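In what follows, a structure is listed as structure tokens, so that the remarks can point back to it.
It should be emphasised that the depicted structure is a prediction, and the values quoted were computed from it without experimental measurement.
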Amino acid sequence: MMTHFQKLGNPSILKWVSSYFVENQQKMGSFHVPQSQNPRLYTTKRSVLSQQCYGEDGVRIPRATLKEAQTALLEYLHSTRSIQFVDAENMSKNSPHFLRKLLKKVEIVKDVRRSMSRFLRYHPINEFEPFFESLGLKPCEYTPLLPRDLMFLSDDCLLLENYRVLCEFGVERNKIGQIYKKAVQVFQHDFGVLLLKLQAYQKLGLSQSFIAKIIVYSPHVLTGDIDIKFIKVLEILNGLGFDYAWIKEHLSEKEFYNWSMIFRVLKFFREMGCSGELGGLISQHPRLLFEGSSGRVLSLIAFLLKFGLRMDRISSMFLQFPEIQVSHFVSNIIIFFLLFQEIEMEVDEIGKIVCSYPILLGSCTLKKTSSLLHDLNVGKKRLCKYIQENPQELSKWGMGTRVRPLPDSGEGLESQKLKTKFFLDLGYGENPNMLKKAFKVFRGRGGELQERFDTIVNAGLDQEDVSKMIRVSPQILNQSKALIQSKIDILVNELGFPLSSLILFPSYLSYTTQRVRLRLAMYNWLKDQGKAEPDLALSTIISWSDKIFLSQCVNNHPSGPQVWEDLKAEFTRDK
């Protein structure tokens, strides 16, 4: 039965694979979490700056200098700029990069604190820089987020309001920067809205500490209405025996979580018949759910379905999934697929291997095709055949492994015999030097050369004539059988030349079809304009260099150069 993959055909599936890693990230819904009835003011942690006494240039900054600079900044932010003390303290103690940059601008006269205070009195700072840094963002992360037309935090009252709501709810200050970076909309809610969103999640039974962690990993749950898919995912996981502590443990600040996609994967696993083993599967491979919001898992499933792998086989594959990141597993399969393409394996054969050995293909990081061909000491055809006969050997060709050459199959010796016989039949045996030269000129195995020779004969030419053609233009046999057939078909059925033209001009088969079509199209236009010799030989039209063809033909008509360029563009586009 023909698989989906076979129906698509080689070009389609290759195009699909090439765009395979472009993931479709959908906009996520949101939830809202409640505020604590007994809000607590967070005291700031031990200063990050106290552990970083070196500037970016490697010059050590005295700890006492940093301490005084912190104090001066705190006084400026709290006393001069009226920022709440706890916020000003957090900014002054946890913005080391900003403070070091500021110290470089200040001319220190004996007392660092006074010199800094004097500088700040006449040189207002962009308060968003130390603010964002104190929230855990690096300069390279917060620089693109700085407001263009604002310098003072008081000018963005919604930012401060929502920031304080998160702090009072229990979100660590140095994690709030990740929320801002991933979902700035959270800090644009009107007064009281964010608190209502947080409380809405609490009313659904989620603990305050759990919500405080979740919104760091997945802040988009706070950007709209309650994310129902998020709640459903939690319900499913709780039903499988996974508590909130387990969920928090397997989430990462570096990921972007699309709960709708994660819900789809859980639902898909159930539909595939994994319900009974789903808990064990997730426990052993939590990354199937949480790595890339399960997007890579869905992509992998789609990829395997393209090859016609049945749902029960996909289910079985996941139950045997190796200890490897899903993204690496998918990449490995794609690399194997590209190897099969490069060695010109038939589409149905690729499908058979992918469907039969998905775990093997996904678990092994394959060497480059060129390295494999070199290490195995084989050509593409033999490698293709060997893989089809011994697919398990693929696992031995991974990166970092020593690949030994394949044993001599005896095909080389047989090919040499067939080649020698072919050359002798052509008449090369009369001169040993000619025979030696023939081995250098002709590429391909003995059987292939004979097959190409027969293709020209079967087109309708006499065998003796073809032998003469080969002796005159031996390079014409260094092409595939299909290409030779295509060029003969174009000559006779498209361009209208008799087959006997090949006897007089065998080198025709050596030229590209694009060159032939372009030259004849230009020549026929000139002939219609009365600007070309009516009976110019095919060999002359095709074999002239571009320079000669332009001077002898194209330039004979005032519009010739433009027509020539238009035709070139047309044929290039068609190609």
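Note: F321 and H285 have perpendicular aromatic rings, judged against thresholds of 30 and 60 degrees for the angle between ring planes. Aromatic ring pairs are classed by plane angle as parallel below 30°, tilted from 30° to 60° and perpendicular above 60°; the pair F119 and H123 is parallel.
Between E393 and K396, at least one side-chain nitrogen of the basic residue sits less than 4.0 Å from a carboxylate oxygen of the acidic one, meeting the salt-bridge criterion. Salt bridge status for R164 with E168: absent, with no side-chain N to carboxylate O gap under 4.0 Å. We find that D375 and R402 are not joined by a salt bridge, their nearest charged nitrogen and carboxylate oxygen being 4.0 Å or further apart. A salt bridge between K213 and E172 is present, with a side-chain N of the basic residue lying under 4.0 Å from a carboxylate O of the acidic one.
Counting only heavy atoms from C-beta outward, the side chains of L361 and L366 never approach each other to under 4.5 Å. Using a 4.5 Å heavy-atom threshold, the side chains of P405 and L376 count as separate. Within the 4.5 Å cutoff, the side chain of R296 has no heavy atoms near those of the L288 side chain. The side-chain heavy atoms of F191 and C157, taken from C-beta on, include a pair separated by under 4.5 Å. In this structure, the side chains of L150 and E127 stay at 4.5 Å or more apart for every pair of heavy atoms. The shortest side-chain heavy-atom distance between F329 and P322 falls under the 4.5 Å cut-off. Taking 4.5 Å as the limit, some side-chain heavy atom of F307 sits within range of a side-chain heavy atom of I350. Between I179 and L135, the closest side-chain pair of non-hydrogen atoms is not below 4.5 Å.
Heavy atoms from other residues, nucleotides or ligands lying under 6.0 Å from NE2 of H250 number more than 12. By the neighbour-count criterion of 12 heavy atoms within 6.0 Å, atom CD of Q392 is densely surrounded, having more than that number from other residues, nucleotides or ligands. More than 12 non-hydrogen atoms from other residues, nucleotides or ligands lie less than 6.0 angstrom from NZ of K367.
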Checking L137 against K181 for the side-chain contact (heavy atoms from CB on, under 4.5 Å) test, could you report, in this order, the C-alpha distance in whole Å, the side-chain angles of both residues, the deciding distance, and whether it holds? CA-CA 8 Å; L137 295 178; K181 181 180 175 182; 4.3 Å; yes

Please step through salt bridge (charged side-chain N to carboxylate O under 4.0 Å, His left out) for the pair E349 and K352, ending with a clear verdict. CA-CA 5 Å; E349 292 298 330; K352 287 178 185 177; 3.5 Å; yes

From CA spacing to verdict: side-chain contact (heavy atoms from CB on, under 4.5 Å), E291, Q325: CA-CA 8 Å; E291 183 187 327; Q325 289 187 4; 3.6 Å; yes

V354 and F336: CA distance, side-chain angles, deciding distance, side-chain contact (heavy atoms from CB on, under 4.5 Å) verdict: CA-CA 9 Å; V354 172; F336 271 106; over 6 Å; no

Might you work through the side-chain contact (heavy atoms from CB on, under 4.5 Å) test for F187 and L158, ending with a clear yes or no? CA-CA 6 Å; F187 298 85; L158 290 180; over 6 Å; no

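To the nearest 0.5 Å, the span separating CG on L304 from CD1 on I314 amounts to 5.0 Å.
Judged by distance alone, with hydrogens and angles left aside, the side-chain atoms of S134 form a donor-acceptor pair with the main-chain N or O of P130 at under 3.5 Å. Listed for the S92 side chain is a donor-acceptor partner under 3.5 Å among the backbone atoms of E89. Looking only at distances, a side-chain donor or acceptor of N162 sits under 3.5 Å from a matching main-chain atom of H189. A side-chain donor-acceptor contact under 3.5 Å links N94 to the backbone of N90. Checking side-chain atoms of S218 against main-chain N and O of H220 turns up no donor-acceptor pair under 3.5 Å. At least one donor-acceptor pair closer than 3.5 Å links the side chain of K182 to the backbone N or O of E255. Checked by atom type and distance alone, the side chain of Q341 never pairs as donor or acceptor with a backbone atom of F337 at under 3.5 Å.
Checking E129 against S95 by side-chain atom types alone, no donor-acceptor pair falls below 3.5 Å. Residues H97 and R100 bring a donor and an acceptor atom of their side chains to less than 3.5 Å of each other.
Between L222 and V186, the closest heavy-atom pair is CB-CG2, 4.0 Å.
The aromatic ring centres of F131 and Y163 sit less than 6.0 Å apart.
Annotation: cation-pi pair R81/Y76 absent, no NZ/CZ under 6.0 Å from the ring centroid and within 45° of its normal.
Just one of L309, L298, I334 meets the side chain to side chain contact (heavy atoms under 4.5 Å, CB included) condition when paired with F303; it is I334. None of K380, H374, E342 except one satisfies the side-chain hydrogen bond (donor to acceptor under 3.5 Å, both in side chains) rule with T369; the exception is E342.
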